[in-house]
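For the numbers below, each heavy atom of this structure counts, side chains included, while hydrogens, waters and symmetry mates do not. Just so it is clear, the structure is predicted and the values come from calculations on it, not from any experiment.
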Amino acid sequence: MKEQHKTETQVPQDENQIVAERRGKLAKLREAGPAFPNDFVRADLSVRLDELHGEKTTEDLEKQQVQASIAGRLMLKRVMGKASFGVLQDHGGRMQIYVSDDNTGKANHAAFKHYDIGDIVGASGFLFKTRTGELTLRVHELRLLSKSLRPLPEKFHGLTDQEQRYRQRYVDLLVNERSRWVFAVRSRVIRAIREYMARTNYIEVETPMLQPIPGGAAARPFRTHHNALDMDLYLRIAPELYLKRLVVGGIEKVYEINRSFRNEGISTRHNPEFTMMEIYCAYTNHAYMITLVQNVLRHAAESALGASVVEYQGRKLDFGKVFAQLTIPQAIQKYAPEHWSDAQLRDRDFLAEKLRGLGVEFGDDQGWGSLQLMLFETIAEKNLIEPTFILDFPAEVSPLARRKDSDPEITERFELFIDAKEIANGFSELNDPEDQAERFVEQSRKKDAGDQEAMYYDADYIRALEYGLPPTSGAGIGIDRLVMLLTDSPSIRDVILFPHMRPEA
């Protein structure tokens with residue numbers, strides 16, 4: 001192949017050999033001077049240059065003599081004798097550069113011919129348009145800023161191995177445009193949520209990640225040890241009890257976008273470290289919080305994507321319409337193979353018989369409320385594709401939620417399901433300190449019996465309630481799962497930059 005028609009691509013080759021060759025080039029750079037210079041000033045981004053000058057004609061650009069200085073990673077190189085083309089990628093996009101003996105100088109052009117795909121390059125010069133109409137930088141100054149020692153994945157297929165994408169997210173982001181888009185959407189979602197909460201006069205706070213007593217959820221915590229205090233601490237499983245302490249203290253509209261940690265399994269919808277938002281508002285109940293959760297999700301979708309209807313795994317999800325609502329018994333009755341009455345769905349013996357028939361294991365110490373929830377999870381949950389609020393959770397499985405005045409065995413609690421995923425959980429908060437203390441005692445009994453997800457007794461939280469928690473509602477929204485829905489991502493690992501993985505061999 002003649003040099004004037006040579007295009008550089010990633011030729012299959014032993015990676016160790018490629019790295020060795022590139023280290024040889026780096027050694028020569030070191031002999032010539034600083035191998036990693038930091039005195040090049042980038043003044044322009046590719047996307048901004050395209051916005052300002054992309055519609056201009058060749059004549060306009062020649063007349064105006066538009067100067068530009070860009071820097072980025074070399075993603076393509078095409079060598080053609082006395083002139084060459086390259087493509088630089090920055091965080092805004094890509095721009096073509098034109099390197100020649102006449103404008104860049106023979107020595108610099110000769111050096112460019114030995115640059116490798118993946119090198120980080122700075123280039124300054126004047127904008128023009130090629131015969132095909134592509135905005136291009138005619139390079140007058142060219143600098144190699146960082147030598148890439150490892151080759152990028154083959155350009156036509158990118159980084160396709162899923163595990164490698166998660167382990168080497170830095171490479172995934174370099175070569176997969178969709179990955180960059182997903183995390184840009186994630187950023188816009190969080191920004192939109194913050195904007196909405198500020199507009200509705202909520203205060204954003206931060207609460208401890210290291211807690212002496214992990215509370216706010218039924219989950220197994222991670223444990224660590226503080227050497228100076230000689231005490232065990234736990235990574236938080238939820239910020240709930242601290243946020244409600246703040247409501248006691250008079251911060252009546254409060255929220256936190258937080259990292260929480262649960263020492264549990266890993267799956268397409270579970271990661272041990274995850275992001276959620278918790279919200280609390282005094283003098284409201286769960287009905288208020290249901291409306292707020294829907295408004296937050298709709299605003300996040302419209303702000304991040306410009307639309308309230310999204311497609312997830314081949315299904316359309318409408319965040320703009322009013323979400324459906326079903327009680328747990330109604331959901332079971334809707335999807336059960338036969339009709340079961342409300343009374344039967346509170347009969348422990350009946351529930352136990354149905355669960356055994358479905359092959360679901362349960363304990364002798366679990367009451368009808370726990371078994372009813374297990375039956376719901378087995379029969380109904382997988383069918384909740386359209387956004388649906390599930391209401392009326394039994395008190396037995398809702399240790400922090402307020403009981404219904406009309407039915408004390410049921411709480412004013414809801415969960416939001418979309419595509420069979422729990423996206424949000426909320427309730428009217430339990431503000432009776434004596435009832436809360438009794439429920440903590442019951443949780444402690446379960447923990448002593450071997451339930452590693454049961455809650456601890458938190459005496460200081462009870463003391464805070466004894467000062468008086470006003471009628472309050474609260475909710476938690478799973479940010480990772482919301483981003484999954486909005487970006488059509490099948491796994492939670494697709495929306496977490498650095499998901500947890502087993503160690504490499």
Quiz item: Do any N or O atoms from the side chain of Asp161 and from the backbone of Gln164 form a donor-acceptor pair under 3.5 angstrom?
Solution: yes
Quiz item: Between Arg165 and Asp172, does at least one N-O distance fall below 4.0 Å, as a salt bridge requires?
Solution: yes
Exercise. Scan side-chain atoms only and decide if His226 and Asp232 contain a donor-acceptor pair under the 3.5 Å cut-off.
Key: no
Quiz item: If we only count heavy atoms from C-beta on, is the Leu243 to Thr207 side-chain gap below 4.5 Å?
Solution: yes
Exercise. Report the C-alpha separation of Gln333 and Leu345 in whole Å, then their side-chain angles, then the decisive distance to 0.1 Å, and conclude whether the side chain to side chain contact (heavy atoms under 4.5 Å, CB included) test is met.
Key: CA-CA 9 Å; Gln333 290 160 351; Leu345 293 177; 3.9 Å; yes
Quiz item: Could you give all pairs that pass the side-chain hydrogen bond (donor to acceptor under 3.5 Å, both in side chains) test and reach residues 496-505, with sequence neighbours left out?
Solution: Glu273-His500
Quiz prompt | Salt-bridge criterion met for Glu442 and Arg439 (N-O under 4.0 Å) | solution = no
Quiz item: Is there a donor-acceptor pair under 3.5 Å between the side chain of Asp347 and the backbone N or O of Asp349?
Solution: yes
Quiz prompt | Gap separating the CE atom of Met501 from the OH atom of Tyr166, nearest 0.5 angstrom | solution = 8.0 Å
Quiz prompt | Atom NZ of Lys334: over 12 foreign heavy atoms under 6.0 Å | solution = no
Quiz prompt | Residue among Leu375, Val397, Leu351 satisfying side-chain contact (heavy atoms from CB on, under 4.5 Å) with Ser370 | solution = Val397
Practice problem: Check step by step if side chain to side chain contact (heavy atoms under 4.5 Å, CB included) holds for Met277 and Val296. | Solution: CA-CA 11 Å; Met277 177 173 76; Val296 168; 4.1 Å; yes
Quiz item: Looking at side-chain heavy atoms only, is the closest gap between Glu377 and Glu422 below 4.5 Å?
Solution: no
Quiz item: Under 4.5 Å between any side-chain heavy atoms of Lys147 and Asp119, yes or no?
Solution: yes
Quiz item: Is the backbone of Leu173 close enough, under 3.5 Å, to the side chain of Arg180 for a donor and an acceptor to pair up by distance?
Solution: yes
Practice problem: Would you mind reporting whether Val171 and Pro153 have side-chain heavy atoms less than 4.5 Å apart? | Solution: yes
Practice problem: Using the side chain to side chain donor-acceptor pair (under 3.5 Å) rule, take Asp451 and Gln443 through it: C-alpha gap first, then chi angles, then the decisive distance, then the call. | Solution: CA-CA 9 Å; Asp451 185 350; Gln443 288 287 304; over 6 Å; no
Quiz item: How close do Pro239 and Met276 get, heavy atom to heavy atom, and via which atoms?
Solution: CD-CE, 3.6 Å
Exercise. Give a yes or no on whether the backbone of Gln89 and the side-chain of Arg94 come within a donor-acceptor separation of less than 3.5 Å.
Key: no
Self-check item: Rounded distance (nearest 0.5 Å) linking atom CG of Leu469 with atom CG of Leu246
Solution: 11.0 Å
Self-check item: Where Met484 and Ser491 come nearest, the two heavy atoms and their spacing
Solution: CE-C, 3.8 Å
Quiz prompt | Residues in salt bridge (Lys or Arg N to Asp or Glu O under 4.0 Å) contact with Glu195, at least two apart in sequence or another chain | solution = none
Quiz item: To the nearest 0.5 Å, what is the distance between CE (Met209) and CG (Leu235)?
Solution: 9.0 Å
Quiz item: Does a salt bridge link Asp460 with Arg463, judged by any charged N lying under 4.0 Å from a carboxylate O?
Solution: yes
Self-check item: Residue list, ring pair (Phe, Tyr, Trp, His ring centres under 6.0 Å) with Phe417, at least two apart or on another chain
Solution: Phe376
Practice problem: Would you confirm whether Arg402, through its side chain, and Glu412, through its main-chain N or O, come within 3.5 Å as a donor-acceptor pair? | Solution: no
Quiz item: Partners of Phe440 by ring pair (Phe, Tyr, Trp, His ring centres under 6.0 Å), sequence neighbours excluded?
Solution: Tyr457
Self-check item: Sub-4.5 Å side-chain heavy-atom contact between Arg493 and Ile266
Solution: yes
Practice problem: Without swapping roles, check the side chain of Gln294 against the backbone of Met289 for a donor-acceptor pair under 3.5 Å. | Solution: no
Quiz item: Would one find more than 12 heavy atoms of other residues, nucleotides or ligands at under 6.0 Å from atom CD of Gln313?
Solution: yes
Quiz item: Is the closest side-chain heavy-atom distance between Thr275 and Arg186 below 4.5 Å?
Solution: yes
Quiz prompt | Contact summary for Ile237 and Gly215, nearest pair of heavy atoms | solution = CG1-O, 3.6 Å
Quiz item: Do you know the tightest heavy-atom contact between Pro329 and Gln372?
Solution: CG-NE2, 4.1 Å
Self-check item: Closest contact, heavy atoms only, Pro212 versus Met231
Solution: CB-CE, 4.1 Å
Quiz item: Has Arg315 got its NZ or CZ under 6.0 Å from the middle of the six-membered ring of Tyr312, at an angle within 45 degrees of the ring axis?
Solution: no
Self-check item: CZ/Arg48: more than 12 non-hydrogen atoms of other groups inside 6.0 Å
Solution: no
Quiz item: Could you go step by step and tell me if Asn258 and Tyr242 meet the side chain to side chain contact (heavy atoms under 4.5 Å, CB included) rule?
Solution: CA-CA 12 Å; Asn258 63 91; Tyr242 283 90; over 6 Å; no
Quiz prompt | Steps toward side chain to side chain contact (heavy atoms under 4.5 Å, CB included) verdict (Phe40, Ile120) | solution = CA-CA 12 Å; Phe40 182 87; Ile120 297 175; over 6 Å; no
Quiz item: Got a salt bridge between Arg220 and Glu453, using NZ or NE/NH1/NH2 to carboxylate O under 4.0 Å?
Solution: no
Quiz item: So, does Ser303 use its side chain to make a donor-acceptor pair with the main chain of Ala300 at under 3.5 Å?
Solution: no
Exercise. Return each pair, listed once, that meets salt bridge (charged side-chain N to carboxylate O under 4.0 Å, His left out) where at least one residue sits in residues 201-213; pairs must be two or more places apart or across chains.
Key: Arg194-Glu204
Exercise. Determine yes or no for a side-chain-to-main-chain donor-acceptor pair under 3.5 angstrom, with Asp407 supplying the side chain and Lys404 the backbone.
Key: no
Quiz item: When rounded to the nearest 0.5 angstrom, what distance separates NZ in Lys253 from CG in Asn201?
Solution: 5.5 Å
Quiz item: Can you check whether Ser46's main-chain N or O pairs, donor with acceptor, with Asp90's side chain at less than 3.5 Å?
Solution: yes
Quiz item: Just wondering, more than 12 heavy atoms not from Asp448 lying within 6.0 Å of its CG?
Solution: yes
Quiz item: What residues form a ring pair (Phe, Tyr, Trp, His ring centres under 6.0 Å) with Phe414, not counting sequence neighbours?
Solution: Phe389
Exercise. Kindly confirm or rule out a cation-pi arrangement of Lys244 over Tyr461, judged by NZ or CZ under 6.0 Å from the six-membered ring centre and within 45° of its axis?
Key: no
Quiz prompt | Residue pair Pro394 / Ile328: nearest heavy atoms and the distance that separates them | solution = CD-CD1, 4.1 Å
Quiz item: Taking everything shown except Arg150 itself, do over 12 heavy atoms lie less than 6.0 Å from its CZ?
Solution: no
Practice problem: Nearest 0.5 Å please: distance from the CG atom of Leu384 over to the CD1 atom of Ile423. | Solution: 11.5 Å
Exercise. Would you indicate whether the side-chain heavy atoms of Glu409 and Arg346 approach each other to under 4.5 Å?
Key: yes
Quiz item: Atom CD in Glu311, atom CG in Leu485: separation rounded to 0.5 Å?
Solution: 12.5 Å
Quiz prompt | Pairwise side-chain contact, Pro221 with Phe261, heavy-atom cut-off 4.5 Å (strictly under) | solution = no
Quiz item: Step by step, would you call Phe427 with Phe393 a ring pair (Phe, Tyr, Trp, His ring centres under 6.0 Å)?
Solution: CA-CA 10 Å; Phe427 36 83; Phe393 281 72; 9.3 Å; no
